[in-house]
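Notes to accompany the following structure.
For clarity, every value in this text was computed on a predicted model and none was experimentally measured. These numbers come from the heavy atoms of this one structure, side chains and all, not from hydrogens, waters or symmetry mates. Here is how names work: the chains are called A, B, and so on, in the same order as the sequence lines, proteins then strands, and each is numbered from 1.
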There are 2 protein chains.
Amino acid sequence: MAPKRTTVRDLRRQNRSTLLSMLFFDGPLSRYELAGRSGLSAATVSTVTGEMVDEGLVVEAGSVDSDGGRPRVLLRVNPDFGHVIGVDVGETGIKVELFDLALTQLAALDHALSPSSPSAVASLIASSVRDVVDAAGVPASTVLGVGIGVPGTVEQGATAVVHAPTIGWDGVRLEELVADASESAWPLYVENGAKTQGQAEMWFGAGRGAKHVVIALIGSGVGAAVVTDGGVYRGATSSAGEWGHTTIVYGGRPCRCGALGCLEAYVGAEGILDRYRKARGRALTGVDEQSTVAALIEAAAGSKTAARVLEETAGYLGAGIANLVNLFNPERIVLGGWAGQALGAHQLDRIVAATRAHALRHPYEQISIELGHLGPDAVAVGAATLPVAALLDRAADPRKLAVRADIA
Amino acid sequence: MAPKRTTVRDLRRQNRSTLLSMLFFDGPLSRYELAGRSGLSAATVSTVTGEMVDEGLVVEAGSVDSDGGRPRVLLRVNPDFGHVIGVDVGETGIKVELFDLALTQLAALDHALSPSSPSAVASLIASSVRDVVDAAGVPASTVLGVGIGVPGTVEQGATAVVHAPTIGWDGVRLEELVADASESAWPLYVENGAKTQGQAEMWFGAGRGAKHVVIALIGSGVGAAVVTDGGVYRGATSSAGEWGHTTIVYGGRPCRCGALGCLEAYVGAEGILDRYRKARGRALTGVDEQSTVAALIEAAAGSKTAARVLEETAGYLGAGIANLVNLFNPERIVLGGWAGQALGAHQLDRIVAATRAHALRHPYEQISIELGHLGPDAVAVGAATLPVAALLDRAADPRKLAVRADIA
DNA sequence: TAGACTAATTTTAAGTCGCAAACTAAGGTC
DNA sequence: GACCTTAGTTTGCGACTTAAAATTAGTCTA
């Protein structure tokens, strides 16, 4: 059982973490402001920040006048304290990006990838990570960790286990595989790609500032990242948020998961296009799903059928969102994913109206529905936030004593 | 903003709370066992428990042999340290019960109540609370707090605001009303009745020992209490878990909430009976909903129509449960509420099968589905746990400095 | 240009906390 | 009754936060 005790040491770690997180999220702040915001005494702020400055974690960043007295010295997280890497394992390729601690991208790599064995993917990840470090020209020793977003559920445990039916993975111990394929021993953080994308929206996108958010992601598949009390909600075995496979039409359209009437079968890109094909009698043509959906949206101006299919889609989607509202009672819904943003750009009013029609009045009144600010590219940045989150949480180099139980 | 700092005083409070909670939930324990379980040193356990014994919060409770050495002295929470009161505000009456700290019932009162103004209900609560204290013969000064379960959503804030459409309450500041109607200044804890019932299942019923549980409650209405990481999940404004009004059949049966296709319209008692009436052409007779549903279940042995309606009900319910499984990924589902337990007793296999059919394999494999151990009576005990939870959380008399932000 | 003044940090001294180690208590065994 | 074993207490210490005092780094005034 986890130790439930609290010792004096935990105090310092907790307070370091609080102050470091404030500096990270709320930009440069003086010690004085830190004291005010944190509730800590000026003395403590001084000693704690002093420590972090000595360690190179925090640096001074100019100063601002304070009417009449000693100017305030601004502190901020040292962007060069270390670097983090985010990996987006997609269904058709992997992206590897390297960032500094301010999450500024310093290098990026893309690899197309036909469906391959888990160990082949793991090797590719390991070598690409190596490559991106070389490409960025940063010393290997400054890499604090590697976050990996995968298209499937991830069981967090002693080692992360991935279940990703769309790429044929079932019980893949990706963390072990990548670790075995790498020479370096950087901490690895494997997480569901929807959750990393959600994390990115929370840190840099439409979720900023809110504590209870559901990020609805609609692409080929449909998923959601649920943020409760500021942290990503995982559930008992980290597979929470499988919104796409909730039943919205009992006994309805067959879904690729095998069940009937899943939301994904109606509002997933494939479901939308298939419904159009059935209604119209023939399919739209497009080089890929994404452009076909775009063509459908454009066609809606002239085609009654296209317009009706999209209208219905907005209805289903609104009902699906209303389910999230009723169950999670968030303060904000962020509509993301490439199809979600495309639909939202043309149909947001209708989607909102359908949500209102299906949600209870009280929780509905609490929410705002917004489009995501980031595209699917955000999976990699989101993955890169994982080692940063570990750093903020421990307020210490995550490579040391990497107890990675709850990354939040 | 809440103070984010952690001071050395918080340590003691935290550790007191840990030890007190262990004693409460895991029965009498010796200091030695407490040290082992908590990870605290024997020295700290000794001083902390010493304090709590001095304060009367904890008492010694015999001793047990330890092979060969000094016997272990058992400690337990002093059941007579104080008393707590639970109030169940139902649609047809209120129940008020008084318990000692071991949640042993010492007195109970029932009042029928025709739909009345909030302030009339508040007065009745205030006077009944007074009465139950007199009936139990305990000194008023020993009452640590009063928990109130209400049939609607409760916005927790500076003062609890209740929205309960079924009894015509909209924005009722019940906490203020009751406080104004009482002479005593006992801390009040107002909470949704489904959540208090869920809390009772967690502490004493089918939820014991689990950390991620959804308690599905089916009666006339349908709701759920979601427990994540051991605490009741509330969402941004405490109206999370409105499972009954999630859409399960898009465009389906009208629900009393105004929307179409809500789960409640299919598996709520009224919905079941109405579906039977429509299928059969005539209604079953019964003195009330509860006995009518019982009659329907009995009729299923002979009547094809009744059997089919129940079968369909199991299907809808399974799909609804699957949605909970996919979204919350709990480790356990508890099926409660009078109708839920009645259905579960006769149809559990079918419900489980329908759940499996609609849930994703991976999260499905994590769960066990169980019948609730407690009936709807549990609302009052559940409400009474609220002041106890406050006591355990603060490890101090909740009447002092009652900061009731997060009761968990 | 030297005080005087103001406001941000740092230093100092005090009090709390948990812990390891030494110590005491309470039983059993031979 | 000497000795062993185990439970619980006391003691001394290092780590931590804090209030208060001291210091620092500017601006303003005369």
Side-chain angles (χ1 to χ4, degrees), chain A residues 3-20 22-23 28-55 58-76 394-396, chain B residues 3-20 22-23 28-55 58-76 394-396:
Chain A
K4 296 165 179 301
R5 68 175 180 181
T6 313
T7 81
V8 258
R9 253 73 178 281
D10 296 321
L11 284 188
R12 178 51 68 90
R13 196 157 53 77
Q14 172 67 45
N15 286 331
R16 275 176 69 114
S17 171
T18 301
L19 295 179
L20 188 62
M22 278 184 186
L23 289 176
L29 291 170
S30 68
R31 295 172 232 265
Y32 178 78
E33 288 169 306
L34 283 172
R37 293 185 185 214
S38 66
L40 286 166
S41 69
T44 301
V45 170
S46 186
T47 59
V48 172
T49 55
E51 261 179 37
M52 294 195 293
V53 168
D54 289 348
E55 293 165 21
V58 165
V59 290
E60 301 198 341
S63 59
V64 297
D65 285 5
S66 63
D67 32 29
R70 177 175 176 173
R72 305 177 181 179
V73 176
L74 295 177
L75 300 174
R76 64 187 164 96
R394 308 178 48 75
Chain B
K4 295 165 178 305
R5 69 177 180 179
T6 314
T7 80
V8 73
R9 260 32 179 317
D10 297 321
L11 283 187
R12 180 51 70 88
R13 195 158 52 77
Q14 173 67 46
N15 286 330
R16 276 176 67 113
S17 171
T18 302
L19 295 179
L20 189 62
M22 279 184 184
L23 289 176
L29 291 170
S30 69
R31 294 172 232 262
Y32 179 79
E33 287 169 305
L34 283 172
R37 293 185 184 214
S38 65
L40 287 165
S41 69
T44 301
V45 171
S46 187
T47 59
V48 172
T49 55
E51 262 179 37
M52 294 196 292
V53 168
D54 289 348
E55 292 164 22
V58 165
V59 289
E60 301 198 341
S63 58
V64 296
D65 285 6
S66 64
D67 33 30
R70 175 175 175 173
R72 303 177 182 178
V73 176
L74 296 177
L75 300 173
R76 64 188 165 97
R394 309 180 47 75

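In this structure, B:R72 does not reach the D:dT6 phosphate: none of its side-chain N or O atoms is under 4.0 Å from OP1 or OP2.
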Give me, pair by pair, the N or O atoms of the protein and of nucleotides 26-30 of chain D that are less than 3.5 Å apart, along with how far apart they are.
unit_1: D:dG26; atom_1: N2; unit_2: A:G68; atom_2: O; d: 2.9

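Across all strands shown, A:V45 has no heavy atoms under 4.0 Å from either base or sugar-phosphate atoms. Counting non-hydrogen atoms under 4.0 angstrom, A:T44 reaches a base of the nucleic acid. At the heavy-atom level, B:T6 lies under 4.0 Å from the strands shown only through sugar-phosphate atoms. Within 4.0 Å (heavy atoms only), B:T7 reaches sugar-phosphate atoms of the nucleic acid but no base atom.
A donor and an acceptor atom, one from each side chain of B:T49 and B:R31, are located under 3.5 Å apart.
Between the side chain of A:N15 and the backbone N or O of B:T6, at least one donor-acceptor pair lies under 3.5 Å. Although no hydrogens or angles enter the test, the distance criterion places no donor-acceptor pair under 3.5 Å between the side chain of A:T44 and the main chain of A:L40.
Side-chain contact between A:V58 and A:L23 is present, with heavy atoms from C-beta onward closer than 4.5 Å. Looking at B:V53 and B:V59, their side chains never come closer than 4.5 Å, going by heavy atoms from C-beta outward.
Here the P atom of nucleotide D:dA7 and the OH atom of B:Y32 are 5 Å apart, to the nearest Å. The interatomic distance linking A:L19 (CG) with D:dC16 (C1') rounds to 14 Å, in whole Å. Regarding B:R5, its CZ atom lies at a distance of 9 Å from the C1' atom of D:dT18, rounded to whole Å. Separating the CD atom of B:E51 from the C1' atom of D:dT9 is a distance of 15 Å, rounded to the nearest angstrom. Atom C1' of nucleotide D:dT18 and atom CZ of B:R9 are separated by 10 Å, given to the nearest angstrom. The distance between atom CZ of B:R12 and atom P of D:dT17, rounded to the nearest whole Å, is 17 Å.
Not counting sequence neighbours, the partners of A:R13 by the side chain to side chain donor-acceptor pair (under 3.5 Å) test are A:D10. Scored by the side chain to side chain donor-acceptor pair (under 3.5 Å) test, A:R76 finds no partners at all (sequence neighbours excluded). By the side chain to side chain contact (heavy atoms under 4.5 Å, CB included) test, A:S46 pairs with no residue at all, sequence neighbours left out. Residues satisfying the side chain to side chain donor-acceptor pair (under 3.5 Å) criterion with B:R12, sequence neighbours excluded, are B:E51.
Looking at which nucleotide of DNA chain D each of A:L11 and B:L74 is closest to, the 5′-most match is held by B:L74.
First and last contacts of DNA chain C with chain A, using any nucleotide atom under 4.0 Å from a protein heavy atom and ordered 5' to 3', fall at C:dT6 to C:dC19.
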